[in-house]
Amino acid sequence: MEGINKFETLFRPLKINNLTLRNRIVMAPMTRSMSSRGIPTQEVADYYAVRARAECGLIITEGVEIEHKASSGYPDVPHFYGEEAIAGWRRVVESVHAAGGAIFPQLWHVGSVRKKGMPPNPEVPGYAPSPEPNPINEDASEIPKEMSLKDINEVITAYVESARNAKQIGFDGVEIHGAHGYLIDQFLWKHTNLRTDSYGGSMVKRTRLAKEIIMAVRQEVGEEYPIVFRYSQWKNGAFDAKLAHTPAELEKFLDILVDAGVDLFHCSTRRYWEPEFEGSKLNLAGWTKKLTGKPSISVGSIGLDNETFNTLMGEKTSMTGIDRLLEMMANDEFDLIAIGRMYLCDPKIAEKLHEGRLDDIIKFDVKCLEKLVR
């Protein structure tokens, strides 16, 4: 019983609008490039269903491309348009629901990460707020297309259509990917957004695209349908980047998104235990909940002593305990915890934690990451 009691804080239900999650464990979104021609297969449905069957509280899918000609940046990533893909996602949702789980798609546009030659439109370059090379791209000569107001409106429309599809298919909510240096985050970050119009300049102006996407999605899906916004301070290729250097700056940024309609924030950090600002032990998710009053998801190296990109570069990564995590959650510093790499190694990790079967958890092995892109 000791093991079960120790982890009981992870297995409290949580209500978000009209949705009640059975526990606080989230499967983090992880791109796998396993959907040929952008169509999720039965294997994809089984991949998520086995985790739902083993007590995962909420599954956030791998990034799903919205219907815009420049949204794709990696091969065999699933998309969220077209009859075949929609039918595939419906099968995924039905499988997860049959297993007792909840599932959100992560709606994604890669922006200037895209390079010419990528399907489904090889001639289309990356799109960006400004025609500057993105730090994520290794090739600094790859210059993206600066988005016009027409381009911006088309992208907003594509997010709305994807959210409509998600609700019609039966997804329990949607997550909008605004992190890691992809399109929305490129507008948020001053180093990639050099615009001089109403979408660039001050933090308030740089937040305009995210705000308009959220507002348009909210209008489409209604007041009770959960909307998650994922954001990060760090960017791929710029780990020391900051959107906000102080709690006051962060509050200004978050207030805009709350007013636009966000119900839940997914706060991406590389190591969940690291404080976000000097003088406080709160991490990014902790500060987000404190400043907004909205529930938040934390993430970053759960049960491991090294973060994802270091692991991918060949650095040794070992399993660790999660006592600090349990303490933070017992104090209600944040509401949910997203597990990534360990969910690739052991799809039944939530069930094993709940039953106190710690010795049965499959040990982390870097081979688990062989199919992982981002």
Side-chain angles (χ1 to χ4, degrees), residues 28-31 63 70-71 73-74 106 108-115 118 125-147 176-195 199-210 229-247 249-250 252-254 257 265-278 283-285 287-288 298-301 306-315 317 338 340-341 369 372-374:
M30 293 174 284
T31 294
S71 66
Y74 304 98
Q106 186 190 69
W108 191 25
H109 191 303
V110 303
S112 62
V113 174
R114 177 182 173 79
K115 298 181 180 181
M118 287 294 302
Y127 277 42
S130 309
E132 306 294 328
N134 190 301
I136 301 176
N137 281 342
E138 296 177 1
D139 183 1
S141 67
E142 190 84 21
I143 304 299
K145 178 186 186 298
E146 183 175 15
M147 292 176 68
I176 296 169
H177 193 346
H180 305 165
Y182 295 111
L183 181 67
I184 295 174
D185 200 17
Q186 289 159 26
F187 273 81
L188 296 175
W189 193 32
K190 65 181 180 181
H191 294 292
T192 45
N193 184 349
L194 306 180
R195 298 175 74 98
Y199 287 91
S202 67
M203 175 181 282
V204 171
K205 289 184 175 181
R206 296 196 309 272
T207 309
R208 181 177 173 182
L209 177 64
F229 187 79
R230 191 180 208 202
Y231 81 100
S232 65
Q233 297 263 47
W234 66 275
K235 322 299 170 198
N236 295 326
F239 294 134
D240 59 349
K242 295 282 187 182
L243 294 177
H245 292 82
T246 66
E249 287 184 354
L250 184 63
K252 189 174 184 179
F253 164 68
L254 294 172
L257 304 179
F265 285 97
H266 190 172
C267 310
S268 181
T269 54
R270 298 166 68 208
R271 304 172 187 92
Y272 77 88
W273 59 84
E274 292 185 342
E276 189 58 37
F277 300 114
E278 189 174 346
N283 69 4
L284 187 62
W287 273 107
T288 298
S298 189
V299 68
S301 304
N306 208 345
E307 60 91 20
T308 304
F309 289 96
N310 290 343
T311 303
L312 290 169
M313 293 300 292
E315 293 186 17
T317 299
R341 286 169 288 169
L369 307 185
L372 180 62
V373 176
R374 289 285 184 272

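Starting from 1, each residue takes its place in the sequence as its number.
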Test item: side-chain donor near acceptor, S71 and R114, under 3.5 Å: no

Test item: M118 and V110 side chains (from C-beta on) under 4.5 Å apart, heavy atoms: no

Straight-line distance of R208 CZ to N193 CG, nearest 0.5 Å: 12.0 Å

Minimum heavy-atom distance between S301 and W273, given as atom pair plus value: O-CZ3, 3.6 Å

Evaluation steps, side-chain contact (heavy atoms from CB on, under 4.5 Å), between K252 and V204: CA-CA 8 Å; K252 189 174 184 179; V204 171; 3.6 Å; yes

Modelled atom types, side-chain donor and acceptor of N283 and T269, under 3.5 Å: no

Rounded distance (nearest 0.5 Å) linking atom OG1 of T246 with atom CD of E278: 12.5 Å

Side-chain heavy-atom pair E146, Y127 within 4.5 angstrom cut-off: no

Neighbour count above 12 (heavy atom, 6.0 Å) for K242 NZ: yes

Exercise: identify the closest heavy-atom pair between Q106 and P29: NE2-CG, 3.3 Å

Side chain H266, main chain S268, donor-acceptor under 3.5 Å: no

K235 vs L243 side-chain heavy atoms within contact, under 4.5 Å: yes

Test item: side-chain donor near acceptor, S112 and Q186, under 3.5 Å: yes

Side-chain heavy-atom pair C267, W287 within 4.5 angstrom cut-off: no

Euclidean distance, Q233 CD relative to H180 NE2, rounded to 0.5 Å: 11.5 Å

Distance-minimising heavy-atom pair for A338 and A28: CB-CB, 3.9 Å

F253 versus T207, closest heavy-atom pair with distance: CD1-OG1, 3.7 Å

Mutual orientation of the aromatic rings belonging to Y231 and F229 [parallel < 30°, tilted 30-60°, perpendicular > 60°]: parallel

Interatomic distance, D185 atom CG to R230 atom CZ [nearest 0.5 angstrom]: 11.0 Å

Check against side-chain contact (heavy atoms from CB on, under 4.5 Å), M147 and L209: CA-CA 12 Å; M147 292 176 68; L209 177 64; 5.7 Å; no

Shortest non-hydrogen contact from L188 toward A210: CD2-CB, 4.4 Å

Pairwise distance CH2(W234) to CZ(R270) - rounded to 0.5 angstrom: 7.0 Å

pair R195-K205: side-chain heavy atoms closer than 4.5 Å: no

Min side-chain heavy-atom separation L284-S298 under 4.5 Å: no

Min side-chain heavy-atom separation P129-Y199 under 4.5 Å: no

Atom pair CH2/CD1 of W108 and I176 - distance to nearest 0.5 Å: 15.5 Å

Any side-chain heavy-atom pair of Y74 and V113 under 4.5 Å: yes

Residue pair H109 / A70: nearest heavy atoms and the distance that separates them: CE1-O, 3.2 Å

